[in-house]
Amino acid sequence: MYQDVILDHYKHPHGRGLRDGDAEVHHVNPTCGDEITLRVRYEGSRIADVSYEGQGCSISQASASVLNDLLVGKDLADAQKIQGTFLELMQSKGQVEPDDAMEEVLEDAVAFAGVSKYPARVKCALLSWMAWKDATAQALGESARKETA
Amino acid sequence: MYQDVILDHYKHPHGRGLRDGDAEVHHVNPTCGDEITLRVRYEGSRIADVSYEGQGCSISQASASVLNDLLVGKDLADAQKIQGTFLELMQSKGQVEPDDAMEEVLEDAVAFAGVSKYPARVKCALLSWMAWKDATAQALGESARKETA
Amino acid sequence: MTQTRELHGLLDTEAIRKDFPVLDRLVHDDRRLVYLDNAATSQTPRQVLDTITEYYERHNANVHRGVHVLAEEATALYEGARDKVASFINAPSRDEVIFTKNASESLNLVANMLGWADEPYRVDSDTEIVITEMEHHSNIVPWQLLAQRTGAKLKWFGLTDDGRLDLSDIDKVITEKTKIVSFVLVSNILGTHNPVEEIVRRAQEVGALVMIDASQAAPHMPLDVQALQADFVAFTGHKMLGPTGIGVLWGRQELLEDLPPFLGGGEMIETVSMNSSTYAPAPHKFEAGTPPIAEAVGLGAAVDYLTAIGMDNVFAHERALTAYAVERLLQVPDLRLIGPTTAEERGAAISFTLGDIHPHDVGQVLDEQGIAVRVGHHCARPVCLRYGIPATTRASFYLYSTPAEVDALVDGLEHVRNFFG
Amino acid sequence: MTQTRELHGLLDTEAIRKDFPVLDRLVHDDRRLVYLDNAATSQTPRQVLDTITEYYERHNANVHRGVHVLAEEATALYEGARDKVASFINAPSRDEVIFTKNASESLNLVANMLGWADEPYRVDSDTEIVITEMEHHSNIVPWQLLAQRTGAKLKWFGLTDDGRLDLSDIDKVITEKTKIVSFVLVSNILGTHNPVEEIVRRAQEVGALVMIDASQAAPHMPLDVQALQADFVAFTGHKMLGPTGIGVLWGRQELLEDLPPFLGGGEMIETVSMNSSTYAPAPHKFEAGTPPIAEAVGLGAAVDYLTAIGMDNVFAHERALTAYAVERLLQVPDLRLIGPTTAEERGAAISFTLGDIHPHDVGQVLDEQGIAVRVGHHCARPVCLRYGIPATTRASFYLYSTPAEVDALVDGLEHVRNFFG
Ligand SMILES: Cc1ncc(COP(=O)(O)O)c(C=O)c1O
Ligand SMILES: Cc1ncc(COP(=O)(O)O)c(C=O)c1O
């Protein structure tokens, strides 16, 4: 499961550190103590930044780094599609062999395919993605509230 | 375990029926619903009567009949010895082969030796004996109280 | 005396019995065992034993949280058993299946949850609990304890003379104050199969929860928790070809989410600090400590076994056998059935008295002939009180029982009568 | 790297390992399993499996009350297991041994009894409960629940930097208000073996009950409940070569007589009517429903196995191995032991961190080499909080563990460091 891509992201994480954001969330995986604090900043429906701090295993840390790579600069709809595809891969119990179409969407994140065989680790891989989803809901809910106010 | 002696006592119980007594007790074996109401009458330390009514299995009924045979007319000390010997036999888990000495004490009651192999039935055989012990304690406690009063 | 007419719907018991090593046992030297005590516990097929042994010989580890191979395999097997049970009872979600140690724990679990629950579920001194007079002690005592501890009032449905629930005063028994109605689907002493719909309808009318004790139903007939429309269903592994030490509580998801935990400890938590803890979602919230892992896996194998035969077929087999047994038993002089005297709406447990021969004696003399029945109050003493008897003798069948065994029972009872006659 | 010096007191593991089929398993294609997760669960010897299989193939029946052969045999085997456990822990009376489903149930049982008890045992809002910061969640959450439900105050002993109980303020922690002190004999995460005498002395001084969680002690050393002078002792079958689904609660007879029941149902009653029930004497009072029969019988076989080897010998073996492991692990660069750094007063579970490599990664890479360790908070999250770490990696030994397996672990950790280095 420890693809070089994963180890690279783990040792040299992309976009790490907390910067300005519209919303911040803190997620914990209680079974292993993995933690992430994550902020999102939107410009309209475009993801201007995803910044984060955390501690945890290589899988959870690398996954956050890959997330930053994949989502920053994307439009929300595209980001959601990527998130959905990643979720599908992670829940595949090792049954999905990523094809070209999936690789196109997930880029480096296809390296996590092997992790999906390890139920105890799937949560690690998904930690930052769940945090992002939550932060996005808050950020956009917030601006939705602002707009209707 | 169903010795002829036991079946005889079951079908033709000795001394059954409630007569006058110094104390009455009611004992129940909750696991099978066997019940006995038993009275004892003492003349000094001599057992003048043990009368009883009850319902239950052949073992509990025959055992009460045998008790009546064995104890009525005896002195308390002798009766206690008989009771002790019967208890010992019943708790022997089929390990004790009654010898002549035991037969001398227990008479018909040695027929219960086989019952001691069946833990579920030992309580049936002991029901009336426990009731007698209890009734005796009450009767003599009662008269003791009377004397000291 | 042997069976004279063909029975319809019987299973191929010759094949089935080969799977059950104990059925070949000789007792009292040379008597072939006639095992008619299935309502107390069922026998265990080789397939279940092999599964359990293989679990220990190949995959044994503590479940959840482990990153090593054995822990992952054990977890997959344990959670796989949950999937099997969920589909066996047609549960909407696997997360609604909680593994307990037996049906008694399942029943106590719900009683305790309701005692500690917030509104609208909370049982307290203003509220009422409804059970029936034909419950197993395991569905009486937990509610007596709850009533004592909370001040709630315990009420119950009585029984008719022919062993059925007397629902004539249902609107008075189940009222606006009722918080929970808990009753047995098939009685272990009377054999009665109770009408669910009428009770559920009334309970729903007043907003009471419904718990069904399916301990004697799950082993013997198709069980569909959605069709039952109950809120909780309990049953137990050892009566359905599974091992001892495992029971099931099924509960509706919203309720399992809302209700408080029962036992606290490892596995049931989300996060713990010395000052406070939060709990995992169901089913884990209700599974404190290392669960009965091998037992759940064994129960999964039992469910596979039953499913392969088909619960409809099991039911048909037992129905034919029960009809035959009722018919033959009613021909035994002085025999009085305690419970329904027809095979309609009843399960495969048949209680009776035989003249004034005490059931202990009946059971003992049958045992000497190799015939294993149960005698006593069958953990349902209020039923004995109701019918004014100290105890009953009970014969109970399962998928491996045969008409020849019914014949052996009837012959055995003849012998009992002669013996004590 | 292999072991260089002779260790004293080791068992003949070559012979012992033949009894444990799973130890021959290959994982990840061709890796020999190195099972170092014994604090989570132990493996099961053939003798225990054979006993369980024989139980089902020959004697299976529901216990108590039966008059047929199988029921009598099953009852004798079940109650015989109680005798074995009683003598294993030197209980004054067999009736003080209660079978539960696991140690967690044993702990919850006592917590619940004390909540419902009459004076002088009753835990209520004027009283205090004392535990420690190194407890397993199963000895924390039941007391948190009890405190929440009764209003009692939960207090605890903190830990010293080297992983021992800080008893310096014992007179302030255990006070006249304390009703119960519950603590672990050997910690499953730190390995610490706690001093019993000082705590018991103080508890007795103020009239508090003492409960000891011996889950990690009973499998590994002689356990004498009389010498401990505690009131309750809990442990669990699956950690001591027994099956899952069985635990033990030992309690002093007077207490078991005085305290109220916990779960209600079959087996635990004396007599039941719809209006009220009376309860059987202990141990049955606390064993509602069909007990884990085969599991108790299996635990009896495990106790026989351990007794044949001798608990002193098991202890000596693990002590030698633990000393060797501590010594070798301390040589691994960046490795930090969490818990006592000597083999004195400690059990055979060793927790550590390895630089800033997350335990999940350590465990996974060890697993790829066939080495099974546990990673996480080991159901003792407050310990991780105390030492400011998210989790640990834990290796834990048993009577079949070998110095070669310690060497494999140390080599494996080298590989982990290189991999993430
Ligand atoms: C110290 C300690 N206490 C209690 C327990 C709980 O045991 P069980 O999970 O069998 O209930 C464990 C093991 O998990 C333990 O290590
Ligand atoms: C109807 C019914 N309910 C509950 C139970 C209790 O099951 P268990 O003893 O497995 O807890 C039984 C069996 O004894 C039963 O027949």
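These figures come from a predicted structure and were not determined experimentally.
Between B:Q55 and C:P390 the shortest side-chain heavy-atom distance falls below 4.5 Å.
Within a 6.0 Å radius of CG in C:D356, no more than 12 heavy atoms belonging to other residues, nucleotides or ligands are found. The 12-atom threshold is not exceeded at CD of B:E104, counting heavy atoms of other residues, nucleotides or ligands nearer than 6.0 Å. Other residues, nucleotides and ligands contribute only 12 or fewer heavy atoms inside 6.0 Å of the CD atom of B:E97. Summarising the local packing, NZ of B:K74 is surrounded by more than 12 heavy atoms from other residues, nucleotides or ligands at distances under 6.0 Å. Within a 6.0 Å sphere centred on CG of B:D99, heavy atoms belonging to other residues, nucleotides or ligands number more than 12. Under a cut-off of 6.0 angstrom, the local environment of NZ in B:K11 is crowded, with over 12 non-hydrogen atoms contributed by other residues, nucleotides or ligands.
B:Y2 OH to C:E368 CD: the interatomic distance, rounded to the nearest 0.5 Å, is 6.5 Å. Summarising the geometry, atom SG belonging to B:C57 is positioned 8.5 Å from atom CZ belonging to C:F420; distances are rounded to the nearest 0.5 Å.
Using a 4.5 Å cut-off between heavy atoms, B:Y118 contacts chain C through its side chain alone, with no backbone atom that close.
In plain terms, the two heavy atoms of B:C124 and C:H360 that are nearest each other are SG-ND1, 3.5 Å. Contact record, C:D361 with B:I59: OD1-N, 4.4 Å, taken as the closest heavy-atom pair. Smallest separation of non-hydrogen atoms from C:H358 and B:Y10: N-OH, 4.4 Å.
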